[in-house]
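From a predicted model like this one, the values you see are computed outputs, not experimental measurements. Note that ligands are numbered from 1 as they come in the structure, with each ligand's atoms numbered from 1 the same way. Throughout, residue positions are numbered sequentially from 1 according to the sequence presented. Values below: all heavy atoms of this structure, side chains included; hydrogens, waters and symmetry mates excluded.
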Amino acid sequence: MATVQLQGELGRAFKVNQPHAGAWSGQITMASGAELQVPLPQRYLTMSPEEIVIAIARAKERLGSRVVILGHHYQREEVIRWADFRGDSFKLCKDAAARPDAEYIIFCGVHFMAESADILSAPHQKVILPDLHAGCSMADMADIDQVEEAWDALQEVCAGQKIIPITYMNSAANLKAFVGRNGGAVCTSSNARKIMDWALTPVEQGGAGGEKLLFFPDQHLGRNTAVLEMGFSLDDCAVWNPFQDMGGQDAATLRRAPILLWKGHCSVHGTFMPIHVDNIRQRYPGIKVVVHPECTYEVVIKADAYGSTEQIKKIIEAGAPDDAFAVGTEINLVSRLAQENPDKTVVCLNPNVCVCSTMYRVDGPHVLWVLENLLEDRVVNQIVVPEPIAGQAKLALQRMLDIA
Ligand code: SF4
């Protein structure tokens, strides 16, 4: 087995273990390194879905407690059925920590999730991402070089003002590390308010003492939290566009705004529009609209409720029989919620359906491929976050755990 260590153009540093790396025939065409995914052996591509199911069940049984499979809510049915734990990215990292007996953590999700699991897991555990193509378009919207550049510019233009960097969980490990070494913290969609409050609270009251914060990569989670939960106005939020000089802002705005938002978004949640809320209410009078805070501010203010995937799940489960919900999040979770709540009506807010194409990369054949390699004592697609990035990122994650 060979270990390939990459430092992509986007600054994402990670290692991937591949058997027979010398014979690898793929090409690295993107900075993320995701193209290191080797093609699956032909056998996996010709097996029927039934054969895949039987083979996964057999391999999982043989591996027993040596392996734990984590399934993100957005995974498709053929994958999530094998998950020992289901949840959002942060819950899954905590679930994995509850299984220290597992040598292998198979993370059915996307790259940044597997990185976080590697950072938070015990040293003897190996984290595996079944398909290295499974990235996150939002995480890729903030790369370390752009963030370092923005940080330097802001330190200059906002001289004398303390800025606290906050990164959403949906970011590469090297961004979490940046935040860790610059006194900030990671947040999730469930605890963004607590973390942003901490950033702007004076040190003597237990906060980070910031006068402003730089939030990345998702501008919508940052804006929704600041305006809808913390009492800031839309005018208090300035968006930093990494592709424009000085982020596309003038110095006075950057100095005045307490909330600086990175111009990034989720391509899935960005498809929900205010018109979808109007249309669904017309079609199903009395329906409750529940959306994820990665949706735009304009959509969130029209909704009846918003929250993380875990919160959305709880809202629907707590609904009365015959309640109807229109849900603004990824379609695999919406379909599952509909199936698991047969006494209620659960539909997708957007009739055109929103699938996360990167999550969709993980499928039954890839899960079987990693399991069968483990049976042969080969670890494929291992995600290893190297030092010092891992240690600095852990600092930012630990601050979140201490605050939230
Ligand atoms: S749903 Fe959006 S934020 Fe989540 S993994 Fe997909 S692209 Fe990334």
Side-chain angles (χ1 to χ4, degrees), residues 10 12 14 30 32 34 37 70-76 79-80 83 86-93 107-117 127 129-143 166-173 175-176 186-192 215-225 261-273 276 290-297 299-300 306-313 327-337 348-350 352-363 366 383:
L10 296 184
R12 176 180 296 169
F14 58 91
M30 273 175 58
S32 67
Q37 176 62 53
L70 309 179
H72 189 273
H73 283 312
Y74 296 163
Q75 289 291 306
R76 50 171 116 182
V79 171
I80 202 94
R86 298 177 183 190
D88 60 22
S89 57
F90 185 55
K91 177 182 175 293
L92 291 175
C93 288
F107 208 128
C108 297
V110 295
H111 194 272
F112 74 81
M113 299 176 186
E115 283 185 329
S116 297
V127 178
L129 183 64
D131 187 335
L132 297 177
H133 286 119
C136 164
S137 56
M138 178 205 282
D140 287 346
M141 286 180 195
D143 77 72
I166 303 293
T167 189
Y168 188 21
M169 191 76 171
N170 301 24
S171 58
L175 286 200
K176 293 186 177 84
V186 174
C187 76
T188 67
S189 47
S190 331
N191 62 28
F215 188 98
F216 45 80
D218 183 22
Q219 60 168 308
H220 302 301
L221 176 63
R223 182 181 296 105
N224 289 326
T225 308
L261 304 171
W262 194 263
K263 193 173 166 56
H265 67 276
C266 165
S267 46
V268 177
H269 292 94
T271 60
F272 295 103
M273 302 287 168
H276 294 138
V290 187
V291 300
H292 195 280
E294 288 171 18
C295 293
T296 64
Y297 173 78
V299 169
V300 173
Y306 68 96
S308 64
T309 49
E310 284 297 314
Q311 289 161 338
I312 291 173
K313 195 166 168 280
V327 184
T329 194
E330 208 270 348
I331 190 62
N332 279 302
L333 175 58
V334 180
S335 306
R336 196 166 305 119
L337 287 169
C348 183
L349 177 59
N350 181 345
N352 295 326
V353 165
C354 303
V355 69
C356 176
S357 56
T358 48
M359 284 270 181
Y360 208 68
R361 298 275 188 180
V362 178
D363 57 10
H366 282 86
I383 302 298

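Residue contact check: Asn170 has heavy atoms under 4.0 Å from atoms 3 (S) of ligand 1. Those atoms of ligand 1 that come under 4.0 Å of a heavy atom in Ser137, given as number and element, are 7 (S).
Arg336 has its side chain within reach of Ile80: a pair of non-hydrogen atoms, C-beta onward, lies under 4.5 Å apart. Using a 4.5 Å heavy-atom cutoff, the side chains of Val110 and His72 are not in contact. Residues Leu221 and Phe215 are in side-chain contact: their nearest non-hydrogen atoms beyond the backbone lie under 4.5 Å apart. No side-chain heavy atom of Cys295 sits less than 4.5 Å from a side-chain heavy atom of Tyr306.
Under 4.0 Å from ligand 1, the heavy atoms of Glu294 that appear belong solely to its side chain.
At a cut-off of 2.8 Å, Cys356 is counted among the residues with an N, O or S atom near atom 6 (Fe) of ligand 1. In summary, Cys266 places an N/O/S atom under 2.8 Å from atom 2 (Fe) of ligand 1, meeting the contact criterion.
Side-chain atoms of Thr358 come within 3.5 Å of backbone atoms of Gly135 as a donor-acceptor pair (strictly under, hydrogens ignored).
Classified by interplanar angle (parallel below 30°, tilted 30° to 60°, perpendicular above 60°), the ring pair His269/Tyr74 is tilted.
The nearest protein atom to atom 4 (Fe) of ligand 1, hydrogens excluded, is given as Tyr74 CE1, 4.0 Å; this is a heavy-atom distance. When hydrogens are left out, the protein atom nearest atom 8 (Fe) of ligand 1 is Cys136 SG, 2.3 Å; that is the closest non-hydrogen contact.
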